[in-house]
Number of protein chains: 2
Amino acid sequence: MSSLSTQPEFSPRQNAVLDSALRLLVDGGERALTTAGVARAANCSKESLYKWFGDRDGILSAMIGYQASKVRTLEERAETLTGESLRAHLVVFARDLLDVLSGDVSLALNRLAIGQASRDGSHLGQMLQERGRRQIGKRAGGLLDAGRRAGLLRFDNGEEAYGVLYGLIVTDLHLRMLLGEDVKPTQQDFSRRAERAVDAFLDLYGTKRQTAKP
Amino acid sequence: MSSLSTQPEFSPRQNAVLDSALRLLVDGGERALTTAGVARAANCSKESLYKWFGDRDGILSAMIGYQASKVRTLEERAETLTGESLRAHLVVFARDLLDVLSGDVSLALNRLAIGQASRDGSHLGQMLQERGRRQIGKRAGGLLDAGRRAGLLRFDNGEEAYGVLYGLIVTDLHLRMLLGEDVKPTQQDFSRRAERAVDAFLDLYGTKRQTAKP
DNA sequence: GAAGAACCGTACCGTACGGTACTAACCTGG
DNA sequence: CCAGGTTAGTACCGTACGGTACGGTTCTTC
């Protein structure tokens, strides 16, 4: 509920427990993430788990919140934006996005949230959206707005433009990774993919290399 | 393994059972998909389930195979391909893709396969890829190749072009739906999305409205 | 119409997991 | 040294599920 401001979060000890839990989840999937297993891996008692996090769902929520707090997106302020620097910033953003989405922990948490999506309450998916995509989407939105203000981009709907950028970068790679396909992402592959995507995006929304529209 | 040719598949009675199981999965998620629940919903005995499908995983595999057999993509032969007809075919493809991905059963099966992706064997994800995306990707590939042969499209890597098309159509909509976001997809929204995506794709890969490249 | 197979419904077993209770050890402050 | 609180470790309980076994019923086949 209180996702903004400085919510108390958790103590260092509790964060260490959440780290163990994340590791457990990454290694063995949700089936391996039992309360007894977490307690054993973290050298704490189940009673403490329930005291700190309430119930199993509380542990899962805390794991998502903790992980999100670790990968906080860095707000980069682009002072003077030229065509080249905009492209460079977009490429960096694309690479960061690919790196985050392909990370072990991100994949495991997304699998977890998706698996629980059908359950009734299940705020996990919403949390992941709020803490993950929203943040990185805001970063991209700022970048796109700056590009538009600098006269380098042209679009009406910022959300739609971001959607196109996202689609060009990720395509179906994320889903394939979520399904367990052993995609071997060389850093070089990601760089190439990021550049191609950004070039295509600039072809669609850029004002510079756009020659004319009949 | 043997996804082609006329594999035995299952008897009508068994298909009816799989229908019940799919319904159960759609309604209640994986937690509701117990062997006892399937037996009760389908008015059959657990013993028959195990006789027909081996074990619980066999039921899941059979469900995927059965559902895939129901949504066989129709191979459309485009005889004379003009710029307008290519666009129309692409728009239809995009709409079909959105319809399939947003379907209840598709979402439920994808959630199921993703949830099991971390387990060891877990061929479910691979099955879904093979039976789902492969099929629809082949249809798109044929369309794109036809467009290229007609001089309407220009691309080197067909797989990459398909990836771009997919990304433009789907963006992050699929993931958001998988996470449980209550996206209300009006048919009109999908049509608009399909047209915008195809227009953008043609901007990138089409040869007609492309004026010049500096 | 009888023999046999297939099948439904149910009862049963073993296990695993979420959650709770209890005890002993370990701080921490006076 | 002692009192109060916190936590690890473990034992325990209820439940739910996967898988198996069995009696009774229906369908097929001759």
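To find a chain, count down the sequence lines: A is the first, B the second, and so on, and within it residues start at 1. This structure is a prediction, so every number in the text was calculated from the model and none was measured.
- Running 5' to 3' along DNA chain C, contacts with non-hydrogen atoms of chain B at under 4.0 Å begin and end at C:dC7 to C:dG9.
- Contacts of A:R40 with the nucleic acid, taken as non-hydrogen atoms under 4.0 Å apart, are absent.
- At a threshold of 4.5 Å between non-hydrogen side-chain atoms, the residues B:E160 and A:R196 count as touching.
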Yes or no on side chain to side chain donor-acceptor pair (under 3.5 Å) for B:R95 and B:S191, after CA distance, side-chain angles and deciding distance?
CA-CA 6 Å; B:R95 283 234 27 177; B:S191 288; 2.7 Å; yes
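- Of the residues in residues 46-62 of chain A, A:K46, A:E47, A:Y50, A:D55, A:R56 come within less than 4.0 Å of DNA chain C through at least one heavy atom, sorted by number.
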From CA spacing to verdict: side chain to side chain donor-acceptor pair (under 3.5 Å), A:Q135, A:E130:
CA-CA 7 Å; A:Q135 289 291 334; A:E130 205 72 34; over 6 Å; no
Verify side chain to side chain donor-acceptor pair (under 3.5 Å) between B:T171 and B:R193, making sure each step is shown before the conclusion.
CA-CA 10 Å; B:T171 65; B:R193 175 182 275 260; 3.0 Å; yes
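- With hydrogens and angles left out, the side-chain atoms of B:R56 and B:T35 include no donor and acceptor closer than 3.5 Å.
- Here the side chains of B:L144 and B:L90 are in contact, with some heavy-atom distance below 4.5 Å.
- With a 4.5 Å cut-off on side-chain heavy atoms, A:Q14 and A:Y66 do not count as touching.
- Counting heavy atoms from C-beta on, the side chains of A:I59 and A:W52 never come closer than 4.5 Å.
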